[in-house]
Amino acid sequence: MIRTVDSPSHVSAPVLAAYSYCETVTGQQARNFAYGIRLLPTPKRRAMSALYAFSRRVDDIGDGDLVDEVKLKRLEDTRALLARVREGEVEEDDTDPVAVALAHAACAFPIPLGGLDELIDGVQMDVRGETYETWDDLKVYCRCVAGAIGRLSLGVFGTEPGARGAERASEYADTLGLALQLTNILRDVREDAEGGRTYLPADDLAKFGCSAGFDGPTPPEGSDFAGLVHFEVRRARALFAEGYRLLPMLDRRSGACVAAMAGIYRRLLDRIERDPEAVLRGRVSLPGREKAYVAVRGLSGLDTRHVTRHVSPRSVRRRA
């Protein structure tokens, strides 16, 4: 069983090696996530890398080339591994570095590991080819694959002692995850269509004449594709505005991490809004220098101060 001690300098060599593996995975594969977690102190950065590496494993199963039956079996195997982590059955010398790192992180921080079960549930929905009639339907999926990650991350970040409204921190973390996921869905609309997946709600597609889908670099004939994108952008912006209420509840570096990750996605959303059809021509992304700027802005606390000035606890309304 893995145990932790108060000083991070006493982390054992096998656990450090496991974290190093997870940080390598994160650095190589997390296009946007890595910019945020670089701003965290070492123990939190390592824990977030462990969460990412496990989540990436789940996502890779869902996105891989195996037949669906094998994918579902592997997802259940991964769920069984998660149960071992939860029950404290993973030893430091276990041959799976992701399990070792995650087990250590779960001992060091109050991480709600059930969120990773939700992620597996969401990827199983992908494998089964589920589609979504309404936004309420899609929110269920988004909460599994992204809202849960927000809540898991909050377990690592924690909230500042005495932070006003902290009882709703988990809700805001969940909502921010929804905002990021809806941005992902807009960015990847053609790539997902080529893979046989449709995430945008069917009633939204019908409303804007886009029910034929997106199998090329131009919108369906006679559709109002720009109207569809702008409609979803407004929805995402409302989710961001609600989720950003989390920032003043976090310590400086955790708030910087969240502001950096969310800021990158908000800028992606700006680009998509300016040129909706760009998502049909290829993947919309930010250059590295712009991501670095967003990270520095997050570390400066500008976004947190803005939220603190413009949001009072009495003005909080439930959205989405």
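Here, residue 1 is the first one in the sequence, and each next residue gets the next number.
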Between [X] and [Y], is any pair of side-chain heavy atoms under 4.5 Å apart?
X: P41; Y: R253; result: yes
X: R151; Y: E171; result: no
X: R45; Y: L39; result: no
X: L82; Y: F54; result: yes
X: Y141; Y: E130; result: no
X: L154; Y: S254; result: no
X: K139; Y: L239; result: no
X: I37; Y: S49; result: yes

Could you pull out all residues at least two apart from E160 that satisfy salt bridge (Lys or Arg N to Asp or Glu O under 4.0 Å)?
->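 Salt bridge (Lys or Arg N to Asp or Glu O under 4.0 Å) list for E160, sorted by chain: empty.
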K207: salt bridge (Lys or Arg N to Asp or Glu O under 4.0 Å) partners, not counting sequence neighbours |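 Applying salt bridge (Lys or Arg N to Asp or Glu O under 4.0 Å) to K207 gives none.
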Would you mind checking if [Y] and [X] are paired as a salt bridge, meaning a charged N to carboxylate O distance below 4.0 Å?
X: K73; Y: D77; answer: yes
X: R84; Y: D96; answer: no
X: R79; Y: D117; answer: yes
X: K44; Y: D251; answer: yes
X: D63; Y: K71; answer: no

Show your reasoning for whether side-chain contact (heavy atoms from CB on, under 4.5 Å) applies to L116 and L152.
-> CA-CA 8 Å; L116 291 172; L152 287 158; 3.7 Å; yes
Got a sec, which residues hit side-chain contact (heavy atoms from CB on, under 4.5 Å) with [X], two or more places apart in sequence or on another chain?
X: E277; result: P219, F225, D275, R281
X: Q29; result: V25, Y52, R56, D60
X: S153; result: M48, I149, F157

For [X] versus [Y], what's the shortest heavy-atom pair and its separation?
X: G155; Y: P110; answer: O-CD, 3.4 Å
X: M125; Y: Y132; answer: CE-OH, 3.7 Å
X: C22; Y: A101; answer: SG-CB, 3.6 Å
X: V85; Y: A103; answer: CG1-CA, 3.8 Å
X: C210; Y: P220; answer: CA-CG, 4.2 Å
X: V70; Y: L66; answer: CG1-CD1, 3.8 Å

Going by the side-chain contact (heavy atoms from CB on, under 4.5 Å) test, name the single residue among L119, I120, D121, L178 that passes it with V145.
->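 Among L119, I120, D121, L178, the one that satisfies the side-chain contact (heavy atoms from CB on, under 4.5 Å) with V145 is L119.
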Does the ring of Y244 carry R266 above it, NZ/CZ under 6.0 angstrom from centre and within 45° of its axis?
->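 Output yes; distance and angle both within limits.
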Taking everything shown except R74 itself, do over 12 heavy atoms lie less than 6.0 Å from its CZ?
->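 Not buried by this count: 12 neighbours or fewer within 6.0 Å.
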Answer yes or no: are there more than 12 heavy-atom neighbours, outside Y21 itself, under 6.0 Å from its atom OH?
->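 12 or below, so no.
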Is it true that the side chains of [X] and [Y] contain a donor and an acceptor less than 3.5 Å apart?
X: Y199; Y: D188; result: no
X: E242; Y: T175; result: no
X: Q124; Y: E76; result: yes

Go through E118 and R143 one step at a time and tell me if the salt bridge (charged side-chain N to carboxylate O under 4.0 Å, His left out) criterion holds.
-> CA-CA 8 Å; E118 293 180 58; R143 287 208 158 98; over 6 Å; no
Apply side-chain contact (heavy atoms from CB on, under 4.5 Å) to L205 and F214, showing your working.
-> CA-CA 11 Å; L205 295 174; F214 313 105; 3.8 Å; yes
Sequence neighbours left out, what pairs pass side-chain hydrogen bond (donor to acceptor under 3.5 Å, both in side chains) with at least one residue falling in residues 221-236?
->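 Non-adjacent pairs meeting side-chain hydrogen bond (donor to acceptor under 3.5 Å, both in side chains): D204-R235, E232-R235.
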